[in-house]
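Heads up, the thing below is written out as structure tokens.
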Amino acid sequence: MPAEEHTSIELAGTDRPGLLSEVCAVLADLHCNVVNAEIWTHNARAAAVVHVTDDSMGCAISDPNRLSTIKELLCNVLKGSDDLKTAKTTLSAPGVMHRERRLHQIMFADRDYERVEKAGVRAVEEGSSRPQVTLLNIEKDYTVVTMRSKDRPKLLFDIVCTLTDMQYVVFHGMVNTGRIEAYQEFYIRHVDGLPISSEAERVRVIQCLEAAIERRASEGLELELCTDDRLGLLSDITRIFRENSLCIRRALISTKGGKAKDTFYVTDVTGNPVDPKIIDSIRAQIGHTALQVKCNSSLAPKLPHQETTMGHFFGNLFKARTFQNFKLIRSYS
């Protein structure tokens, strides 16, 4: 997208309740209108790619002093009072990439794959609903990666993006999807031509692929906002969420033709489903026609318990060759 149309802001920092509300309040105070944005949270980390324009001019912000102020204030919000990692804010990076691809890169660079257990907070995925990733070296040329997880849109995209960013090449692949779950198998090796050769590398690949699967997982209640766009709208909406103790786990913000269409995935502060009475109260404040309840993914069925040894998994995959929904994927190399 042409740089003169908007200013691109990339954010990374420690996730906490009300963070998006604080970010949006800063942007509104600085007269930055959010054109579109995508926000992901995973494993106590948060990342966002936000496109803003100058509210008065309707174009990208070019004043260096103003850009410096925006960056400084957003960094202060991201750092909070107890951020053990460095918060990062980047403005107007040259050559805007695919937004979802960029979010994977930001979170990967922020090491969100290093699992953090927080006392009193429910883990995003529990037990058998967690993605299951296993690695096996065959012969001397390839490492076979097998994955079993809930199926969802863009699952294959997320996995291949992460493998590419980790400098691995996919030579062969098989994908089989069912009503709920997906099985994937890839023959990979590093760009230097070698398979995975150490235990530390094996553990890191497993962690990173688990993170790639989990980042976009739609945890919580899906709320859709459709209303007239205006400066500060996102700040007001996220403030109402924060005041009602809702945590935004993921968000997709878009505007077109003077209309805002935003999707939020929310839980309470402990990661549990939101009380329906709270949702009714929020809809009364915002407008019942403007804010709609779409789906509660917390009630989605969990994966059935199943043995995940390599032999069992390979057996299922080879049997699946006769399935109509089974596809063979080969690399472009």
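In this text, all values refer to a predicted model and were calculated from it rather than measured experimentally.
The structure places CD1 of Ile253 at 4.5 Å from CG of Leu234, a figure rounded to the nearest 0.5 Å. Put simply, NE2 on His172 and OH on Tyr187 are 8.0 Å apart, with the number rounded to the nearest 0.5 Å. The CG atom of Asn43 lies 8.5 Å from the CD atom of Glu114; values are rounded to the nearest 0.5 Å. Here the straight-line distance linking atom CG of Asn272 with atom OG1 of Thr267 works out to 7.5 Å at 0.5 Å rounding. Ile39 CD1 to Leu20 CG: the interatomic distance, rounded to the nearest 0.5 Å, is 5.0 Å. Rounding to the nearest 0.5 Å places CZ of Arg111 at 11.5 Å from CZ of Arg45.
Taking all atoms of both residues into account, the shortest heavy-atom contact from Thr289 to Gln292 is O-NE2, 3.4 Å. Nearest heavy atom pair, residue Arg249 against residue Asp15, reads NH1-OD2, 4.3 Å. Scanning both residues, Pro195 and Thr143, for their nearest heavy atoms gives CB-OG1, 3.3 Å. Residue Arg250 comes nearest to Ala217 through the heavy atom pair NE-O, 4.3 Å, listed as atom of the first residue, atom of the second, then distance.
Hydrophobic side-chain contacts under 4.5 Å tie Leu103 into a cluster, directly or through other members, with Trp40, Val49, Ile106, Met107. In the hydrophobic clustering, where aliphatic and aromatic side chains (Ile, Leu, Val, Met, Phe, Trp, Tyr) are joined below 4.5 Å either directly or transitively, Leu252 stands alone.
Contact annotation: the side chain of Val145 never approaches that of Ile206 to less than 4.5 Å [non-hydrogen atoms, C-beta and beyond]. Ser245 is not listed as a side-chain neighbour of Asp268, based on a closest heavy-atom distance of 4.5 Å or more. By the 4.5 Å heavy-atom criterion applied to side chains, Glu22 and Arg16 are counted as neighbours. Using a 4.5 Å cut-off on side-chain heavy atoms (C-beta onward), Lys71 and Leu67 make no contact. Ile9 has its side chain within reach of Leu27: a pair of non-hydrogen atoms, C-beta onward, lies under 4.5 Å apart. Counting heavy atoms from C-beta outward, Asp228 and Lys259 have side chains that approach closer than 4.5 Å. The side-chain heavy atoms of Arg130 and Glu214, taken from C-beta on, include a pair separated by under 4.5 Å. With a 4.5 Å cut-off on side-chain heavy atoms, Thr238 and Val23 do not count as touching.
Every side chain to side chain donor-acceptor pair (under 3.5 Å) that Arg239 has, sequence neighbours left out, goes to Glu243. For Thr227, the side-chain contact (heavy atoms from CB on, under 4.5 Å) partners are Leu225, Leu233, Ala290, not counting sequence neighbours. Shown here are the side-chain contact (heavy atoms from CB on, under 4.5 Å) partners of Thr164, two or more places apart in sequence or in another chain: Arg101, Val160. For Tyr142, the side chain to side chain donor-acceptor pair (under 3.5 Å) test picks out no residue, with sequence neighbours left out. Asp158 is linked by a salt bridge (charged side-chain N to carboxylate O under 4.0 Å, His left out) to Arg152, Arg216, counting only residues two or more places apart in sequence or in another chain. Residues satisfying the side-chain contact (heavy atoms from CB on, under 4.5 Å) criterion with Ala28, sequence neighbours excluded, are Ser235. Ala109 is linked by a side-chain contact (heavy atoms from CB on, under 4.5 Å) to nothing, counting only residues two or more places apart in sequence or in another chain.
One N or O on the side chain of Thr7 and one on the backbone of Ile61 form a donor-acceptor pair closer than 3.5 Å. A side-chain donor-acceptor contact under 3.5 Å links Thr255 to the backbone of Val35. Checked by atom type and distance alone, the side chain of Arg189 never pairs as donor or acceptor with a backbone atom of Phe171 at under 3.5 Å. A donor-acceptor distance shorter than 3.5 angstrom exists from the side chain of Asn137 to the backbone of Ile196, with no hydrogens or angles considered. Within the 3.5 Å criterion, the main-chain N or O of Asn65 finds a donor-acceptor partner in the side chain of Asp63. At least one donor-acceptor pair under 3.5 Å links the side chain of Asp192 to the backbone N or O of Leu194. A donor-acceptor contact shorter than 3.5 Å links the side chain of Arg283 to the backbone of Leu291. Using a distance-only test at 3.5 Å, with no hydrogens or angles considered, no donor-acceptor pair links the side chain of Ser254 to the main chain of Asn36.
Cluster membership for Leu73 and Val77, using ILVMFWY side-chain heavy atoms within less than 4.5 angstrom, is shared. By the criterion of side-chain heavy atoms lying less than 4.5 angstrom apart, applied directly or through intervening Ile, Leu, Val, Met, Phe, Trp or Tyr residues, Ile240 is grouped together with Leu19 in one hydrophobic cluster. Val175 and Leu135 fall within the same hydrophobic cluster, where Ile, Leu, Val, Met, Phe, Trp and Tyr residues are linked whenever their side-chain heavy atoms come under 4.5 Å apart, directly or through other members. Under the 4.5 Å side-chain heavy-atom criterion for Ile, Leu, Val, Met, Phe, Trp and Tyr, Val169 and Val144 are members of the same hydrophobic cluster.
Gln184 pairs with exactly one of Ile213, Asn176, Thr146, Leu155 by the side-chain contact (heavy atoms from CB on, under 4.5 Å) rule, that one being Leu155. A side-chain contact (heavy atoms from CB on, under 4.5 Å) with Tyr168 holds for exactly one of Val205, Val191, Thr162; it is Val205. Of the candidates Leu30, Leu74, Val26, Leu30 is the only one forming a side-chain contact (heavy atoms from CB on, under 4.5 Å) with Thr69.
Judged as a ring pair (Phe, Tyr, Trp, His ring centres under 6.0 Å), not a single pair has a partner in residues 205-239 (not counting sequence neighbours). The salt bridge (Lys or Arg N to Asp or Glu O under 4.0 Å) analysis of residues 25-44, with sequence neighbours excluded, yields the pairs Glu38-Arg99. For the ring pair (Phe, Tyr, Trp, His ring centres under 6.0 Å) condition, the pairs that include at least one residue of residues 220-243, sequence neighbours left out, are Phe241-Phe264.
Remark: Glu201 does not engage Arg204 in a salt bridge, criterion side-chain N to carboxylate O under 4.0 Å.
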Working for side chain to side chain contact (heavy atoms under 4.5 Å, CB included), residues Lys154 and Cys161:
CA-CA 11 Å; Lys154 301 190 179 182; Cys161 279; over 6 Å; no
Checking side chain to side chain contact (heavy atoms under 4.5 Å, CB included) for the pair His104/Arg215: CA distance, chi angles, key distance, verdict?
CA-CA 8 Å; His104 276 299; Arg215 285 173 192 143; 2.9 Å; yes
Could you walk me through whether Thr263 and Lys294 pass side chain to side chain contact (heavy atoms under 4.5 Å, CB included), step by step?
CA-CA 9 Å; Thr263 301; Lys294 303 297 291 184; over 6 Å; no
CA sep, side-chain torsions, deciding dist, call: Val293, Leu223, side chain to side chain contact (heavy atoms under 4.5 Å, CB included):
CA-CA 5 Å; Val293 178; Leu223 301 176; 3.8 Å; yes
